[in-house]
Amino acid sequence: MNEIQVKIKQKFAGKFKAGYPLIFKEALATPVSGEEGTVLTLRDEAGGWIGRGYYGKQNKGYGWVLTQDEDETVDSHFFQNRFDLAFQKRKGLFENPDTTAFRLFNGEGDGIGGLTIDNYDGYLLLQWYSEGIYSFRDEVVEGLRNVASFKGIYEKKRFKSGGKYIDDDDFVTGERGEFPLLVKENGLSFAVYLNEGAMTGVFLDQRHVRQSIREKYSEGRTVLNTFSYTGAFSVSAADGGASETTSVDLANRSYEKTIEQFAVNGLDYEAHNIVVQDVFDYFNYAEKKELAFDTVILDPPSFARSKKKTFSADKDYKNLLKQAIAVTEKGGVIVASTNAAKVPMKKFKGFIEKAFKETGGRYSILEEHSLPEDFAVHPAFPEGDYLKVLFILKK
Ligand code: SAH
């Protein structure tokens, strides 16, 4: 394996020695050259040891530190060792027959930035976030073989410019799955597809949010689920006893995908509404008709462009909340979620404060969620905890 020496500026050396994992451009005293995947030996400008990492461009990063141990090399043993630790941490989930889909390995949170691994009932889904980490594919697969029994492996290459997904046959090794594959989460079923584009059908990081909606905010309620994708929140609400759910998404595929998620749970989708429409148009319609829901779920992408407008969470979330407030019953609950890096929790709460102030209403926050425990966060890299979800009571 190629290995080169890289110097870290003295003023950032302490940060890395304290465990910071992301190699960022400003910290480099010497430029990184060569191919992605090159192993980097990091030292401070005085020659003091910092760690060993790899070169891989991901967003604004140049790679990740993999070890602070001078004697540890980056080979299949290294990967095997990190996987072993990660799998042990998730023993409880492995032993839980009611939940067969969860994250097995969460990038830097488990010691290897740029790689995540999800378990879908014995099929592993690898997601590669840079060409650099992808160059270790053989070592990673070998490391996995040595610590886990799996039916098959699939992958998503997310390193086209801008971190985009590269469409390909995503099968790697083992047995090919039959899709939809039915996985379980807290006893509910979800139909997933591991070889059909960038997304699988369910976002595993919302497990606790789905559970909370199902247990506490559904019984006898009307539920509006916006940006609903395959309707996973709607299915949770319907199973939790919602009198009616309305799922709104502008993607045509969402209609049949949502029917499928209801059907695999034995729920009557005809008793629920599935609307293929721009959420902003739907809100205008609902306001005009003076509709009011008991639970309103907002889960927009950080950034989206539709025919008429663009939505970006940091600029437009406050207005989205105002529209949601207008169609929520008094005493109802708004579940507001964002994974936008530009919107940390404090700013997110600020949007809620402003939205209620501008609409003249009162509120209180009932629940606050971040990533679930299987989405491990690196203690020196809290920005890896991207998920922010608030349950807001409209008074
Ligand atoms: N809440 C979903 C995940 C949402 S993913 C879940 O729990 O599974 C984001 C979704 O927003 C995508 O399905 C996309 O089609 C949809 N979307 C983006 N912009 C939209 C808009 N303006 N109106 C309606 N849906 C939109």
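Numbers here simply count residues along the sequence, with the first being 1. For the numbers below, each heavy atom of this structure counts, side chains included, while hydrogens, waters and symmetry mates do not. In listed order, ligands and their atoms are each counted from 1.
Note on Asp239 versus Arg214: salt bridge recorded, some NZ/NE/NH1/NH2 to OD/OE distance being below 4.0 Å. Taking a cutoff of 4.0 Å between a charged side-chain nitrogen and a carboxylate oxygen, Lys57 and Glu131 do not qualify as a salt bridge. Salt-bridge formation is not detected for the pair Asp168/Lys156: no Lys NZ or Arg NE/NH1/NH2 atom is positioned less than 4.0 Å from an Asp or Glu carboxylate oxygen. A salt bridge is absent between Arg221 and Glu244: the closest approach of a Lys/Arg side-chain nitrogen to an acidic carboxylate oxygen does not fall below 4.0 angstrom. Using a cut-off of 4.0 Å between Lys/Arg side-chain N and Asp/Glu carboxylate O, Glu368 and Lys349 are scored as salt-bridged. Checked for salt-bridge contact, Asp110 and Arg90 meet the test: a charged N lies under 4.0 Å from a carboxylate O.
Considering backbone and side-chain N/O atoms, Leu250 comes within less than 3.5 Å of an N/O atom of ligand 1. Polar contact with ligand 1: absent for Thr230 (N/O pair, distance under 3.5 Å). Checked by distance only, ligand 1 and Asn225 stay at 3.5 Å or farther apart across all their nitrogen or oxygen atoms. Residue Arg210 places no N or O, backbone or side chain, under 3.5 Å from any N or O of ligand 1. Residue contacts with ligand 1: Pro301 is placed with no nitrogen or oxygen under 3.5 Å of a nitrogen or oxygen of the ligand (distance criterion only).
The cationic group of Arg210 lies under 6.0 Å from the six-membered ring centre of Phe190 and within 45° of the ring axis, placing it in a cation-pi geometry. Relative to the six-membered ring of Phe280, Lys309 meets both conditions, a distance below 6.0 Å and an angle of at most 45° to the axis.
What sits closest to atom 26 (C) of ligand 1 on the protein, heavy atoms only, is Phe227 CD2, 3.5 Å. For atom 22 (N) of ligand 1, the closest non-hydrogen atom on the protein side is Asp278 OD1, 3.3 Å. The closest protein non-hydrogen atom to atom 5 (S) of ligand 1 is Phe203 CE1, 4.0 Å. Counting protein heavy atoms only, atom 7 (O) of ligand 1 is closest to Phe233 CE1, 3.3 Å. Nearest protein neighbour of atom 1 (N) of ligand 1, counting heavy atoms only, is Asp299 OD2, 2.7 Å. Scanning the protein heavy atoms around atom 23 (N) of ligand 1, the nearest turns out to be Val279 N, 2.9 Å. Counting protein heavy atoms only, atom 19 (N) of ligand 1 is closest to Ala304 CB, 3.7 Å. Summary of contacts: the protein heavy atom closest to atom 12 (C) of ligand 1 is Asp249 OD2, 3.4 Å.
The distance from ligand 1 to the heavy atoms of Phe280 drops below 4.0 Å at these ligand atoms: 22 (N). Residue Arg253 approaches ligand 1 through these ligand atoms, each under 4.0 Å from one of its heavy atoms: 12 (C), 13 (O), 15 (O). Close contacts between ligand 1 and Ser228 involve ligand atoms 2 (C) [criterion: under 4.0 Å to a heavy atom]. Proximity to Ala251 (heavy-atom distance under 4.0 Å) selects the following atoms of ligand 1: 15 (O).
Residue-environment remark: NZ (Lys17) exceeds the threshold of 12 foreign heavy atoms within 6.0 Å.
The shell of residues lying under 4.0 angstrom from ligand 1, judged by heavy atoms, excludes Ser254. Under the 4.0 angstrom criterion for non-hydrogen atoms, Gln277 is in contact with ligand 1. Residue contacts with ligand 1: Lys257 is excluded, as none of its non-hydrogen atoms falls under 4.0 Å.
Across Asp205, Asn119, Asp118, Asp374, a single residue satisfies side-chain hydrogen bond (donor to acceptor under 3.5 Å, both in side chains) together with Arg103, and that is Asp118.
In the model, Ser247 has no side-chain atom that pairs as donor or acceptor with a side-chain atom of Asn225 under 3.5 Å. Counting only N and O atoms by type, the side chains of Tyr120 and Thr200 include a donor and acceptor under 3.5 Å apart.
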